[in-house]
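Values reported hereafter were calculated over all heavy atoms of this structure, with side chains retained and with hydrogens, waters and symmetry mates removed. Chain letters run A, B, ... following the sequence lines, proteins first, then strands; residues in each count from 1.
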There are 2 protein chains.
Amino acid sequence: MKTRDRILVTSLALFNDEGEAHTTTIDIANELDISPGNLYYHFKGKDEIIAELYQQYELAMADTLHAPITAPLGETDGDIEANWYYLYVLFEEMYQYRFLYQNLDDILQRYPDIRRRFKRLVQLKRSALSAICLTLLQQRVLQADEDLLERLVDNLTLTLNYWINYDQLLHTGRDPQVSILQGVLQIMTAISPYLGEDSLNFYEDCREIYQRMMHKEPN
Amino acid sequence: MKTRDRILVTSLALFNDEGEAHTTTIDIANELDISPGNLYYHFKGKDEIIAELYQQYELAMADTLHAPITAPLGETDGDIEANWYYLYVLFEEMYQYRFLYQNLDDILQRYPDIRRRFKRLVQLKRSALSAICLTLLQQRVLQADEDLLERLVDNLTLTLNYWINYDQLLHTGRDPQVSILQGVLQIMTAISPYLGEDSLNFYEDCREIYQRMMHKEPN
DNA sequence: GTCTATACTGTGATAGAC
DNA sequence: GTCTATCACAGTATAGAC
């Protein structure tokens with residue numbers, strides 16, 4: 001593994017675990033057992049490392065997010081399992097770059113370029129969740145309820161974005177896998193009451209998947 | 001106004017507008033036209049200023065949050081207007097100390113004491129929202145749906161905590177008053193589908209209050 | 001209570017040898 | 001590509017005069 005890549009991997013780990021703000025270039029160099037000078041040979045500074053890490057994150061997310069926008073998830077309409085798995089993957093990808101979310105406003109304030117791009121990404125998340133809702137709900141929501149649907153999609157986007165922060169705050173040290181599963185359940189549950197008579201069935205199916213995932217987790 | 005209080009007021013303003021992480025003791029002293037030495041006479045350092053500001057925030061919030069827990073809001077059950085106003089006040093109080101939410105994880109990591117207390121405060125928010133739900137929903141939610149109710153309350157707590165961040169991210173520079181009104185509407189909307197046959201009426205009432213508040217806003 | 005001076009620290013960044 | 005050495009600077013904190 002090249003030094004440049006090792007710097008990226010180690011930086012990401014330190015940012016996630018110790019917080020980006022309090023990880024210095026020296027910390028990174030120490031962790032890698034290289035000199036600060038060497039680090040500066042590969043990257044002009046912390047800014048450049050963060051820019052590169054964000055680039056990685058953006059590529060991965062954008063790729064995933066386009067899936068439900070271009071084609072409905074699952075073979076049959078309302079395929080719960082496919083949507084569950086999809087949300088799980090999204091949460092996982094976000095969790096891998098969780099340092100972004102921990103000091104979000106701080107980072108977005110310092111890097112206006114990342115701010116613009118992050119905003120676009122959130123809008124993309126919103127579109128993806130909107131597409132999922134539209135297939136799940138099908139024609140169920142009346143035309144007049146367009147606005148209601150917008151509120152639901154905002155609700156889901158908000159949950160997707162901040163759930164892990166919220167859950168880890170209330171349950172410090174909880175296994176991240178559990179947090180993520182809870183997050184998926186949380187989103188699915190928020191959709192359920194809009195499903196009319198299928199509402200309870202849908203919710204029960206979700207809980208069942210949740211239970212199943214929770215118990216096979218120690219793999 | 002005593003210097004000590006002026007330091008607190010100015011610090012809060014700077015933290016909110018420029019971000020806590022990048023506001024130094026010197027910035028605060030400059031803004032007040034006093035010397036850094038003078039500032040250090042009143043507070044041992046930035047830590048102590050933050051601790052004091054948090055104390056203020058906690059007192060105000062805890063006081064407000066106990067209201068619906070001890071007695072239902074509104075004179076009649078399901079008094080929408082009273083609950084609307086209540087949520088509005090909560091958002092406003094949080095907005096006044098928004099620097100806390102902008103770098104939340106960073107601050108909570110640096111001050112373990114604040115972490116514990118903030119966590120308790122979120123649980124208090126959760127209790128308040130739970131109490132509101134119970135009066136609004138009354139006996140509507142079946143016993144079997146206890147778990148569903150928990151998911152709803154988590155959803156509302158999450159929205160209350162992060163809505164302003166989310167809204168300001170997607171609509172940079174939007175009038176905070178509008179963000180807050182949207183936040184209240186967002187929470188009320190999330191409750192509405194659980195109201196059974198009153199669902200649509202409730203939602204329409206909320207939209208009406210929202211419209212009214214939006215237009216009298218330029219006061 | 002408030003000021004000016006100053007010292008200490010950690011971090012970011014570069015130059016030049018190997 | 002990697003190292004050592006060193007600089008510059010910002011932010012924190014204190015001492016002592018007024």
Subject >> Crowding at CD, A:Gln109 (>12 non-hydrogen neighbours, <6.0 Å) >> reply: yes
Original post:
Can you check the B:Ile49 CD1 to D:dT12 C1' distance for me, whole Å?
Top reply: 12 Å
**OP:** State the dot-bracket string of DNA chain C. Criteria: Watson-Crick or G-U wobble, both atom distances under 3.5 angstrom; notation: ( ) intrastrand, [ ] crossing earlier pairs, | interstrand, . unpaired.
**Re:** ||||.|||||||||||||
**OP:** Could you check whether B:Thr24 gets within reach of a base, just the sugar-phosphate, or nothing at all, counting any heavy atom under 4.0 Å?
**Re:** sugar-phosphate
**OP:** Give the C-alpha distance, both sets of side-chain angles, the deciding distance and a yes or no for side-chain hydrogen bond (donor to acceptor under 3.5 Å, both in side chains) between A:Gln182 and A:Tyr210.
**Re:** CA-CA 8 Å; A:Gln182 279 273 346; A:Tyr210 171 75; 2.9 Å; yes
**OP:** Could you tell me the separation between the CG atom of A:Leu32 and the P atom of D:dT2, rounded to a whole number of Å?
**Re:** 11 Å
Original post:
Distance from A:Tyr166 atom OH to A:Gln186 atom CD, nearest 0.5 Å?
Top reply: 7.5 Å
**OP:** Starting at the 5' end of nucleotides 13-18 of chain D, put B wherever the base has a protein heavy atom under 4.0 Å, S where only the sugar-phosphate does, and a dash everywhere else.
**Re:** BB----
Subject >> Between P of C:dT11 and CD1 of A:Ile28, the distance in whole Å >> reply: 12 Å
**OP:** Kindly say whether the aromatic ring centers of B:Tyr54 and B:Phe99 come within a distance under 6.0 Å.
**Re:** no
**OP:** Based on the glycosidic angle (syn within 90° of 0, else anti), state the conformation of C:dA7.
**Re:** anti
**OP:** Would you kindly give the NE2-to-P distance between B:His22 and D:dT12, to the nearest whole Å?
**Re:** 12 Å
Original post:
Has A:Asn38 got a side-chain N or O lying under 4.0 Å from the OP1 or OP2 atom of D:dG1?
Top reply: no
Subject >> Distance (rounded to the nearest 0.5 Å) between B:Ile180 CD1 and B:Tyr88 OH >> reply: 5.5 Å
**OP:** Please determine, for the side chain of B:His42, which listed nucleotide (D:dT4, C:dG1, D:dT12) has the closest atom?
**Re:** C:dG1
**OP:** Find the distance between CG (A:Asn30) and OG (A:Ser35) and round it off to the nearest 0.5 Å.
**Re:** 10.0 Å
Subject >> Rounded distance in Å - CD (B:Glu18) to P (D:dG11) >> reply: 13 Å
Original post:
Can you list every salt bridge (Lys or Arg N to Asp or Glu O under 4.0 Å) pair that touches residues 150-161 of chain A, not counting sequence neighbours?
Top reply: A:Arg126-A:Glu150, A:Arg126-A:Asp154, A:Asp147-A:Arg151, A:Arg151-A:Asp154
Subject >> Nearest-angstrom distance from the residue atom CD1 of B:Ile26 to C1' of C:dT4 >> reply: 14 Å
Original post:
Taking CG from A:Asp27 and C1' from C:dA13, how many angstroms apart are they, rounded to a whole number?
Top reply: 16 Å
**OP:** Rounded off to whole Å, could you give me the CZ-to-P distance for the B:Phe43 and D:dT12 pair?
**Re:** 15 Å
Original post:
Should A:Asp105 and A:Arg115 count as an ion pair when the cut-off is N to O under 4.0 Å?
Top reply: no
Subject >> Distance, nearest 0.5 Å, that separates CG of A:Asp79 from CG of A:Leu73 >> reply: 8.5 Å
